[in-house]
Structure formats: C-alpha cells, structure tokens
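Just below is one structure, and these are the notes that go with it.
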2 protein chains.
Amino acid sequence: MHKLSERSKRVLYAVVQSYINYPDPVGSRVVTKRYSFGLSPATIRNIMADLEDMGFLTQPHTSAGRIPTDLGYRFYVDSISTKGDVSSNVEVEILQGLYNRLQVLKNNIELLLSETTKSLSALSHYLGVAMSPAPDLTVFSKINLLKYQSDKVAVVLFTDDGRIKNKTLQVGPEISQKDLNRIAQYLNSEFSGLTFDEIRVRLFNEISKDKTRCDTLISRALNICREALYFTFNELFVSGLSEVLELPDFADLNKIRELSRAIEDKHMIIKLLDKLSETEGLKVIIGSENTITNLKDISLIVSPCKEGDRQVGIVGLIGPTRMNYAKAMYIVENTARFITKMLTEK
Amino acid sequence: MHKLSERSKRVLYAVVQSYINYPDPVGSRVVTKRYSFGLSPATIRNIMADLEDMGFLTQPHTSAGRIPTDLGYRFYVDSISTKGDVSSNVEVEILQGLYNRLQVLKNNIELLLSETTKSLSALSHYLGVAMSPAPDLTVFSKINLLKYQSDKVAVVLFTDDGRIKNKTLQVGPEISQKDLNRIAQYLNSEFSGLTFDEIRVRLFNEISKDKTRCDTLISRALNICREALYFTFNELFVSGLSEVLELPDFADLNKIRELSRAIEDKHMIIKLLDKLSETEGLKVIIGSENTITNLKDISLIVSPCKEGDRQVGIVGLIGPTRMNYAKAMYIVENTARFITKMLTEK
DNA sequence: TATTAGCACTTAAAGGTTGAGAGTGCTAAC
DNA sequence: GTTAGCACTCTCAACCTTTAAGTGCTAATA
C-alpha cells in the first residue's frame with residue numbers, strides 16, 4: 001500500500017510514541033527535541049505534512065501539533081508487535097503474583113475470569129474484560145436433576161471445561177426423582193460430548209417429531225430437557241471503570257456516558273468478543289476498526305485462554321485509542337498465557 | 001427539638017420541593033411566585049433566614065438563593081412519608097408490568113434481584129441496588145456432593161429461601177461417591193434449619209474437638225464440610241450508572257469518580273445495606289446521615305423483600321441528595337411490596 | 001537538490017474586564 | 001407583623017486581549 005521511507009517511519013513512530021506518553025498534540029519541535037533525528041524542525045514539518053497527506057496523522061486545529069489517526073496507531077502497533085520490545089522485570093513479577101493468586105480459583109473458571117479482569121485493570125489502568133465461551137464452543141458433560149420442595153427441580157449442569165451451572169424448574173408434583181433420574185440419564189447418554197448449539201438443534205428436531213406423536217408424557221419430559229439445558233454461557237466480566245476515569249482521555253462527560261452505557265449494555269461487547277473468539281493469539285482492534293459497536297476512540301486488546309486445546313475464555317483490555325499499546329499488549333498476552341499454562345498443566 | 005411554626009414548615013417544604021424540581025438555588029421571589037403564600041418576598045426572606053439559622057437551609061454564596069441541607073431534606077422526607085401524596089396511575093401500571101415480567105424469575109431470587117435493579121433504575125433514573133441476605137439471615141436447607149472428573153466434587157447447596165449455590169472442590173481420588181453421600185447426609189441431618197452463621201460456629205467447635213482426637217479420616221471429612229459450606233451469600237447487584245450520569249447533579253467529574261469507585265468496591269455498600277437489613281419497612285438515608293461510607297451528597301432509599309416472614313433480599317435506590325424522594329420512595333416501596341407479594345402468594 | 005532559517009499567519013487557551021441579573025439584608029414606613 | 005425600597009454582594013456570561021505554540025511558505029544555504 002503506502003510506501004514509507006525509513007525516515008518517515010521513524011518520525012511516525014516517534015510521534016505516536018510521544019503522544020501516547022504525553023497527551024498533547026506533537027509538534028515538529030518536540031520531535032526534534034525528544035528524539036534525535038539530526039534534522040531541523042522545518043524538515044520534520046515537511047515529513048509530518050506528508051504523513052498527514054497519507055492519513056497517518058491529523059491536526060486537531062491549524063496551529064496545533066499532530067496526533068495519530070487510527071491508521072497511525074495501527075502502524076505503531078504492527079511495528080511493536082513484531083519487535084516485542086517492552087518487558088520490565090517488575091511486571092513479570094506482578095504477573096507472577098497474579099498467577100499465584102489465581103491458582104486457588106482454577107476450579108472455577110467464571111470466578112477466575114472475573115478476578116482476572118480486576119488484575120488486568122489494576123495492572124494497566126484500563127478496563128479489564130473477560131468472557132466465558134459461547135454455546136457453540138461449550139461442550140455438554142453431565143446433568144443432574146434434583147427434586148426439592150415437592151414441586152421444584154434443581155438442574156445442575158456440568159460443562160466439559162469445568163463450569164457448573166444451576167437453575168430451578170417448576171414441575172408438577174407428580175414427577176418423581178426416579179423420573180428425573182431417567183431423564184437425566186437420557187440426556188447424559190444422548191448429548192454428552194456435544195456442544196450446546198448442536199444439542200439445541202437435536203432437541204428441536206426431537207420436539208418437532210414429538211408434535212406428530214402427541215404423547216404428553218414424553219412431550220413433558222422433552223420440555224423439561226429443553227428448559228434444563230437452556231443457560232446463558234458467554235458471561236461477560238468487566239472491571240476498572242474507576243481506573244479508566246482517571247485518564248485524561250475520559251475527561252469529557254459524554255465519553256464517560258458512552259462508555260458506561262456500553263458497559264451496562266454488555267450485549268454489544270459480547271457480540272464483539274464473540275466474533276474475536278474465533279481468532280488465535282493476541283488481537284488488537286483500534287478505534288474505527290471495530291465495526292460492531294459504535295464506541296468512538298476506543299481500542300480493544302484481547303487474547304484467548306485455553307485449557308489444552310479447548311478455549312475456556314477470552315481476556316483483554318479496553319482503553320482509549322491513545323493507549324499504551326506496548327504495555328497493554330504485554331499484559332494481555334502474558335495474562336492469557338499464564339491462565340492457559342495454569343489450566344493446562346494442572 | 002426545633003419548633004417550627006406552621007408557616008415556616010410550609011415555606012421549608014416549598015423550598016425543598018422547588019429545588020428538587022429545578023436544580024437552582026431557591027430565592028424568595030421564586031417561592032412567592034411558584035407557591036401562593038399571600039406574603040411578599042421580603043417576609044419570605046425573613047422566614048428563610050430563620051430556617052437557615054436553624055440549619056434547614058444554606059446558601060451556596062451570598063447572593064444566591066437557598067438550598068436544603070441534609071436536615072432540610074430530612075424534614076421534607078418525614079412530611080411526605082406521613083402524607084404519602086404522590087401516586088400516578090401511570091407508575092402503578094409500570095410497576096404492574098415489572099410484576100409480570102419478574103413472575104418468570106420467581107424461582108431464582110438472585111436473578112430476580114438483579115433484574116429488579118434494572119427496573120428500579122429505569123423507572124427512577126437513579127441507581128438501582130439489591131442484595132441477597134447475609135449468612136446470619138440465610139438458612140441451610142440441603143447439600144448435595146457430586147463426584148466428577150475423578151478428583152473433583154461439585155457442591156450444590158440449597159438454602160431455605162430457594163437459592164442454589166455451587167462450587168467445585170478438589171479432593172483426593174480415594175474419596176468415593178458413597179463417602180460423599182455419607183458426608184452430605186451428616187450435614188443435612190445436623191445442620192438443616194440453621195443459619196450459616198450458626199453452622200460456622202458449630203463446625204468450628206467440631207473441628208477444635210477433632211484436633212485433640214487426631215483422626216485423619218474424620219478431619220478430612222470435616223475439612224470438606226467446612227469448605228463445602230463456605231459461600232458468599234450477600235450478593236450485591238447494581239444497575240443504572242448511565243442513567244445517573246444524565247443527572248445535572250453528576251456533572252462533576254470528581255463526583256462520578258467517587259460514585260464509580262463506590263460501585264466497584266461493593267464492600268462498603270454491602271456493609272451499609274447489611275446494617276439496614278435489620279430494620280423493617282422503607283428506610284431513607286440522606287447524605288451525611290450515612291456514617292458508614294464516605295459518599296458525599298448521596299441518598300439511599302431501601303426496603304426489604306420478604307417471602308412470608310423470611311427476608312429474602314433488600315432493594316433500593318441510590319441517588320443524589322437532591323432527589324425526587326416522593327417518587328423514589330414510592331417506587332422502592334411498591335417494588336419491594338410487589339416482590340414480597342409475588343413470592344409469598346405463589 | 002535536500003535542508004534549513006526566517007517570518008507571517010492561525011488558533012486555542014488563559015486572564016482580565018465589564019455589565020446584567022438575581023438575591024440578599026437592612027431600614028423605615030405602613 | 002408586614003412590606004417597599006435600596007444599597008450591596010456575588011456569579012455568570014460575554015467580550016477583549018495577550019500569550020504561546022505550531023504551522024506553511026519562501027528564500028537562502030550547504
């Protein structure tokens with residue numbers, strides 16, 4: 001696409017870096033002062049004007065310095081992700097601390113993910129997010145149906161990745177624990193090892209078949225099955241709003257409103273993370289690259305967590321596009337890596 | 001305490017009312033214009049000066065009108081709660097809608113409370129809060145211990161009020177499902193009907209007794225018991241931050257930060273609600289009356305929900321001290337009443 | 001030919017001034 | 001006891017001015 005001279009690249013990199021560290025538009029003088037190019041401000045000005053023409057930089061107003069566009073950030077992110085420069089020992093230690101702290105929770109993935117978001121936001125001062133896998137990635141393992149209080153059934157569902165879900169069903173008093181055991185046994189033998197999306201399809205077929213048969217006892221049982229297997233799987237966890245509000249990028253009331261609405265909605269973020277779940281490894285979405293939610297000037301960094309080959313969640317950070325990408329990417333990548341390691345080698 | 005003339009009371013009431021409706025300090029002219037006292041501004045001025053001396057009103061600055069102090073709001077709240085004036089039919093209908101919508105959830109109290117906070121905030125434009133009862137109000141009903149994946153035990157706990165809690169315990173492979181059944185049976189026969197605080201005490205005694213006996217098998221079982229019964233009971237639900245951010249009272253960035261920190265901490269709010277759980281009926285805490293959290297200019301309205309005689313949660317609203325108390329109290333009271341009704345008559 | 005110094009120009013942000021408007025307390029009259 | 005009148009106080013918005021930063025362009029320079 002664009003062919004940038006080596007010199008232009010270095011200037012662009014310097015501008016982005018400077019703006020990330022210090023939230024003021026970057027002028028040509030600052031570039032020469034903070035980075036040694038051996039060029040005068042006038043020359044830098046020319047280069048920066050070119051970079052603006054090419055869409056990497058923009059000016060808030062005529063007499064201000066330049067700030068990166070999403071494309072500028074993209075260039076920056078792509079160059080650091082190949083270099084992988086930042087890695088302070090302090091942070092390795094902090095992450096190790098996280099590893100130890102989460103060790104206790106390795107049997108409860110949802111709690112683990114929820115705690116992880118707190119660590120993520122505390123480490124980065126951005127919004128920590130995490131989500132457990134969607135129904136199409138969640139494999140059914142086992143179900144128990146326990147009768148209690150004469151007309152209620154507790155459904156206890158085990159997924160393959162160690163999640164336990166429960167709910168209560170209201171049933172007639174005539175259904176005995178024995179009946180329930182039989183239903184559970186049927187579900188266990190029939191569906192164990194399938195994903196919940198697959199199960200949903202099969203059950204749907206079963207029920208439509210049943211329509212023609214009109215056997216009320218079986219149809220009741222099928223209804224219990226359907227209700228028993230209906231759960232929300234991709235649970236979303238978010239923490240660190242108060243961290244993020246300290247950033248100068250969120251000094252504007254409208255931005256705060258927008259963000260808090262997004263957090264409360266969850267729906268949109270789930271959709272976005274769901275789509276990103278499909279990809280392997282660390283992924284960075286910068287500002288307008290995100291076409292699903294209409295969050296302006298927000299970037300997202302995510303990475304999946306695995307247990308062996310199976311994905312058990314996705315963790316990440318949400319912050320302003322003017323984000324310390326190097327650090328944030330480092331934190332997300334290693335957090336995901338640690339969780340994967342912990343779950344896999346246990 | 002203070003003896004207020006009937007006329008002063010009417011003026012104070014008018015000032016608070018006016019300030020709640022229009023977020024500007026109330027001047028003597030406004031009082032005479034908006035409320036018909038048959039008195040001139042000068043007279044109102046004298047009365048308002050007296051009210052300021054008595055601590056019911058205050059001036060933001062010399063040439064501004066007056067705004068209520070916490071004491072002023074307290075007077076206002078106490079007079080409306082005895083009168084019970086506001087009750088629009090529209091809101092009755094909305095609450096009825098809530099009632100229908102929640103009907104589906106009556107088997108899952110925690111989900112019900114969580115959904116209730118959304119309704120509360122949508123209705124009031126304040127922060128909806130709800131909390132399930134603490135361990136000293138939660139009665140143990142039944143426990144199931146289910147072995148899975150060779151070295152894991154799923155603990156499924158039923159409380160008296162219909163909550164189901166679960167967790168995973170890591171145990172040695174040598175413990176069989178039969179052993180677990182025995183342990184569960186022991187717990188069920190021994191502790192059913194007790195609150196979790198009582199159980200904690202008993203188990204503690206049991207374990208210290210055991211120390212002297214040094215029987216490893218029993219001590220392992222006791223450990224499983226202790227872990228199996230350890231859950232977080234008073235879960236806190238909050239929604240509506242984005243609603244609250246629309247209010248002029250939260251135009252200040254620092255206030256937003258303060259509030260978002262309080263919401264994320266949860267700890268403090270839980271402590272506060274815990275204390276309030278003890279009281280019956282609707283309760284209003286205005287600004288500095290709240291000595292537990294250091295939230296400034298925040299009021300809280302709560303009411304417990306019951307199922308029969310048993311408290312199953314507490315619901316409420318958090319808003320600025322400049323709050324529409326009449327409406328908010330109405331909403332909280334009726335929401336709590338509806339939930340109580342729904343759970344009791346089912 | 002690429003680089004740079006110099007300079008006129010633009011703009012936002014900060015500070016100061018002013019006048020309008022709202023509200024008060026006080027005093028004297030009703 | 002109530003009220004009209006008035007001097008006084010204070011905030012707020014509008015307006016102006018200054019300052020500082022940064023630009024683009026042009027002409028000189030290496």
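In what follows, every chain begins at residue 1, and chains take the letters A, B, ... in the order their sequences are listed.
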Considering only heavy side-chain atoms of A:Ser28, the closest of C:dG23, D:dT23, D:dT3 is D:dT23
May I have the distance from A:Gln59 (atom CD) to D:dG24 (atom P), rounded to whole angstrom? 6 Å
For B:Ser5, what residues pass the side-chain hydrogen bond (donor to acceptor under 3.5 Å, both in side chains) criterion, not counting sequence neighbours? B:Ser8
Report the distance from atom CD1 of A:Ile47 to atom C1' of C:dA2, rounded to the nearest whole Å. 11 Å
So do A:Leu4 and A:Phe56 actually touch side chain to side chain, heavy atoms under 4.5 Å? yes
Would you say the side chain of B:Thr62 and the base of D:dC10 hold a donor-acceptor pair, judged only by whether the two atoms sit under 3.5 Å apart? no
Pick the closest DNA chain D nucleotide for B:Pro60 and for B:Asn46 by heavy atoms, then say which residue is nearer the 5' end. B:Asn46
Kindly point out which of D:dG24, C:dA22, C:dG25 is positioned nearest to the side chain of B:Ser63? C:dA22
Which word best sums up how the rings of B:Tyr13 and B:Phe75 line up, parallel for under 30°, tilted for 30 to 60°, or perpendicular for over 60°? perpendicular
Please check if any side-chain donor atom of B:Ser242 sits under 3.5 Å from a side-chain acceptor atom of A:Glu264, or the reverse. yes
In whole Å, what is the span from the CG atom of B:Leu57 to the P atom of C:dT24? 11 Å
Please state how far atom CZ in A:Arg66 lies from atom C1' in C:dT11, giving the value in whole angstrom units. 14 Å
In whole angstrom, what separates A:Glu52's CD from D:dG22's P? 15 Å
Pairwise side-chain contact, A:Leu39 with A:Ile47, heavy-atom cut-off 4.5 Å (strictly under): yes
In whole angstrom, what separates A:Met48's CE from D:dG22's C1'? 9 Å
For the pair made of CG in B:Asp24 and P in C:dG21, what is the distance, rounded to whole Å? 16 Å
If you go through the side-chain atoms of A:Arg45, does one of them form a donor-acceptor pair with the base of D:dG24 closer than 3.5 Å? yes
Nucleotide C:dT24, atom C1' - distance to CD1 of B:Ile67 in whole Å: 16 Å
Would you say D:dT2 has OP1 or OP2 under 4.0 Å from some side-chain N or O of B:Arg7? yes
